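For reference, the structure discussed in these notes is given below.
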There are 2 protein chains.
Amino acid sequence: MTRVMDDDSVRSESLPTLDEVARVAGVSRATASRAINGGDKVSQKSRDAVEAAVLALGYAPNPAARSLVTRRTDSVALVVPEPDDRVFSDPFFARTLRGVSRVLGARDLQLVLLLTGPGKEEQRMLRYLRNRHIDGAIVVSHHREDHLSDHLAAMGLPCVFVGRPWTSADKVAYVDTDNIAGGNAATEALVQRGCRRIGTIAGPPDMTAGVDRLLGWRMAMLQARLSDDAVVHGDFTEAGGEAAAEQLLREHPDLDGLAVASDLMALGALRALARAGRRVPDDVAVVGYDDLGVAERTSPPLTTVHAPVGDMADQAARLLLEQLDDGSRPRAMRIVFPPSLVRRASA
Amino acid sequence: MTRVMDDDSVRSESLPTLDEVARVAGVSRATASRAINGGDKVSQKSRDAVEAAVLALGYAPNPAARSLVTRRTDSVALVVPEPDDRVFSDPFFARTLRGVSRVLGARDLQLVLLLTGPGKEEQRMLRYLRNRHIDGAIVVSHHREDHLSDHLAAMGLPCVFVGRPWTSADKVAYVDTDNIAGGNAATEALVQRGCRRIGTIAGPPDMTAGVDRLLGWRMAMLQARLSDDAVVHGDFTEAGGEAAAEQLLREHPDLDGLAVASDLMALGALRALARAGRRVPDDVAVVGYDDLGVAERTSPPLTTVHAPVGDMADQAARLLLEQLDDGSRPRAMRIVFPPSLVRRASA
DNA sequence: TCGGGTGGTGGGAGCGCTTCCACACTTACG
DNA sequence: CGTAAGTGTGGAAGCGCTCCCACCACCCGA
């Protein structure tokens with residue numbers, strides 16, 4: 001009795017192996033493997049037998065065993081060097097995540113989330129990437145000090161950055177929008193509207209999107225022969241935008257135009273403007289950046305620069321797939337999307 | 001020449017193995033393994049030698065090989081049966097993700113993201129879980145129709161639900177807040193304030209948080225001998241809340257109190273109320289739910305029910321760790337946090 | 001009739017690791 | 001001084017899979 005029970009429990013504990021499938025199907029392990037995978041050079045008869053055995057046993061290949069010999073893990077890291085609520089609450093991240101996940105999921109690749117602040121966690125993350133736990137990496141929201149692009153380029157891991165990396169931009173793949181052109185277009189819209197005292201709430205100076213959009217603003221201001229001194233940096237959050245707008249109003253009370261580097265910050269700025277009794281767009285015209293849904297629901301609805309975030313995420317995933325497929329060293333590739341101005345009521 | 005180059009390239013391609021470490025350290029592979037892992041019964045001398053060899057070679061254990069024999073993968077799935085932007089943009093999810101990631105990260109467990117809509121993707125997800133790609137699962141935002149709790153309970157995978165599951169609640173572990181008590185407290189606050197025509201924007205009827213909070217509202221209304229017919233369901237998004245509030249105002253123009261099942265929906269409701277010219281709280285008092293930062297920044301600031309989401313996430317991760325540690329069958333455990341009312345200006 | 005394909009197959013060698021087991025070699029105790 | 005109970009150690013057996021290679025039919029053209 002005891003013996004039988006032991007056998008039973010053992011049997012129910014351990015999952016079926018390829019050996020058992022082969023035995024049930026009446027073929028060798030090699031043939032079973034071939035039938036289950038690519039299925040090259042396997043007779044229809046064997047194939048059917050194996051398929052039936054797989055179904056009967058509820059067999060599923062052991063990923064660790066497979067990975068040990070193929071040297072692939074069929075999983076990809078999503079690296080977010082900023083484990084803060086705000087990254088996740090940002091629709092930019094949400095949209096990116098969904099796009100990436102969709103493309104990779106279609107290829108049965110899993111997404112491993114690597115959230116890391118600076119310091120020890122970063123070391124853990126790099127170690128993880130180096131150990132070849134994963135086949136490749138997609139990096140979102142990368143900051144200047146993390147030197148992530150250098151590290152990844154050096155370790156030769158297939159990877160794609162969402163947003164131009166600070167360094168090694170000629171060695172790693174990335175997707176981006178033309179943030180200079182976008183910042184420029186936003187500002188020009190204000191200029192054409194007749195604004196003469198235009199300020200900007202820029203993004204963080206340690207992110208390329210932050211400095212590029214600011215640069216675009218500067219170029220437009222210079223070209224219009226307007227003073228480019230009304231600059232405050234925000235952190236891409238609503239609260240940050242609100243505080244930045246307050247500061248800007250304090251330092252430059254004559255403000256009549258405001259280019260904001262993200263819609264979330266613009267939302268905060270709108271609130272600050274309302275509290276200060278400034279009408280939008282009559283007293284102060286406002287242009288945002290991103291156009292991920294938030295902009296449609298502000299009051300007034302935001303004129304903003306549309307960044308094709310969904311497309312960027314798609315392409316990022318595809319660039320990674322390319323690198324994984326051709327198996328060669330990671331390649332430097334870049335895809336840069338043109339931004340476009342979406343006119344609504346705020347400017 | 002060629003020979004040497006070949007050797008070189010091979011060496012640089014393939015990472016160092018335990019064998020090499022052992023050879024360099026002058027010990028056997030078994031001793032090296034022991035030194036690297038638990039380090040039981042290894043002399044200090046061997047331990048030092050191995051450590052030095054590891055450093056010199058830049059050795060890191062091959063996770064697949066280890067996993068093959070230990071039958072652990074040291075990674076955990078985060079299951080989100082709703083691959084929509086709105087889940088990620090929701091601060092509830094962001095906070096949960098961060099909490100879970102922090103606790104698991106401290107134990108060197110990786111988080112694999114499993115985003116699944118209904119249908120084919122769900123099958124893929126279940127297959128993935130069943131194949132023991134991972135050691136356990138944490139399920140967030142679970143809906144009635146996905147029967148996830150039944151599936152997971154049946155396959156005997158260690159798992160924890162964030163938010164009470166619909167079924168098998170006595171078979172799987174979960175963390176939650178007492179949503180009935182919370183809905184009740186929110187409504188009582190309105191009653192005590194003198195509101196007599198109180199409506200509610202409930203959560204989705206296919207989520208336990210939705211129905212429980214609604215039930216709490218119903219109980220409070222009945223106890224106050226008020227009519228409980230002013231109910232509209234929302235989807236936990238801002239836009240959904242706005243639409244729901246509009247409908248509620250249309251159907252019940254005499255509304256003087258509003259209990260909303262999430263702050264994000266309450267934010268939308270506030271906008272609808274403002275557009276309808278109702279002052280908050282004078283004409284209509286509003287109570288939200290969640291208190292994850294949004295509530296402080298609305299105008300007026302939201303009186304809301306505080307749900308300790310960070311703590312819930314922590315505990316969810318810990319419950320999972322417990323199950324992983326004691327190695328036994330998954331256990332049914334539950335931790336339910338009491339909600340608390342936070343009074344601000346909106347009620 | 002025979003060499004030379006060609007489609008299909010199974011044996012077997014690993015992938016890199018953990019861990020059981022047997023074997024020294026010490027130390028402590030009766 | 002023999003025995004028992006530790007300590008450390010290395011040999012070797014796998015974990016479950018893929019894939020190389022040898023092999024066997026069989027059919028073809030010469």
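Quick note on labels: first sequence line is chain A, next is B, and so on, each numbered from 1. These figures come from a predicted structure and were not determined experimentally.
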- Message: Checking A:Arg72 now: which residues fulfil salt bridge (Lys or Arg N to Asp or Glu O under 4.0 Å) with it, not counting sequence neighbours?
- Response: A:Asp74

Give every pair of a protein N or O atom and an N or O atom of nucleotides 23-26 of chain C that lie under 3.5 Å apart, one pair per line with the distance.
none

- Query: Restricting to pairs with a member in residues 113-138 of chain A, which pass ring pair (Phe, Tyr, Trp, His ring centres under 6.0 Å), not counting sequence neighbours?
  - Reply: A:Tyr128-A:His133

- Message: Between the opening five pairs and the closing five pairs of the helix from C:dT1-D:dA30 to C:dG30-D:dC1, how far apart are the helix axes, to 10°?
- Response: 50°

- Item | Selection: residues 51-67 of chain B, any non-hydrogen atom under 4.0 Å of DNA chain D | none

- Item | With sequence neighbours excluded, residues passing side chain to side chain donor-acceptor pair (under 3.5 Å) with A:Ser149 | A:Thr167

- Item | By salt bridge (Lys or Arg N to Asp or Glu O under 4.0 Å) - contacts of B:Asp314 (at least two apart) | B:Arg102, B:Arg318

- Which residues pass the salt bridge (Lys or Arg N to Asp or Glu O under 4.0 Å) test with A:Arg124, sequence neighbours left out? B:Asp108

- When you measure from every atom of DNA chain D, which of residues 22-29 of chain B have a heavy atom less than 4.0 Å away? B:Val27, B:Ser28, B:Arg29

- Item | By side chain to side chain contact (heavy atoms under 4.5 Å, CB included) - contacts of B:Asp176 (at least two apart) | B:Arg164, B:Tyr174, B:Asn179, B:Met312

- Closer than 4.0 Å, any side-chain N/O of A:Thr31 to the OP1 or OP2 of C:dT9? no

- Please list all pairs passing the side-chain hydrogen bond (donor to acceptor under 3.5 Å, both in side chains) test where one or both residues lie in residues 58-68 of chain B, with sequence neighbours left out. B:Asn37-B:Arg66

- For A:Arg127, all residues meeting salt bridge (Lys or Arg N to Asp or Glu O under 4.0 Å), sequence neighbours excluded: none

- Item | Side-chain N,O (B:Ser33) to OP1/OP2 (C:dT18) below 4.0 Å | yes

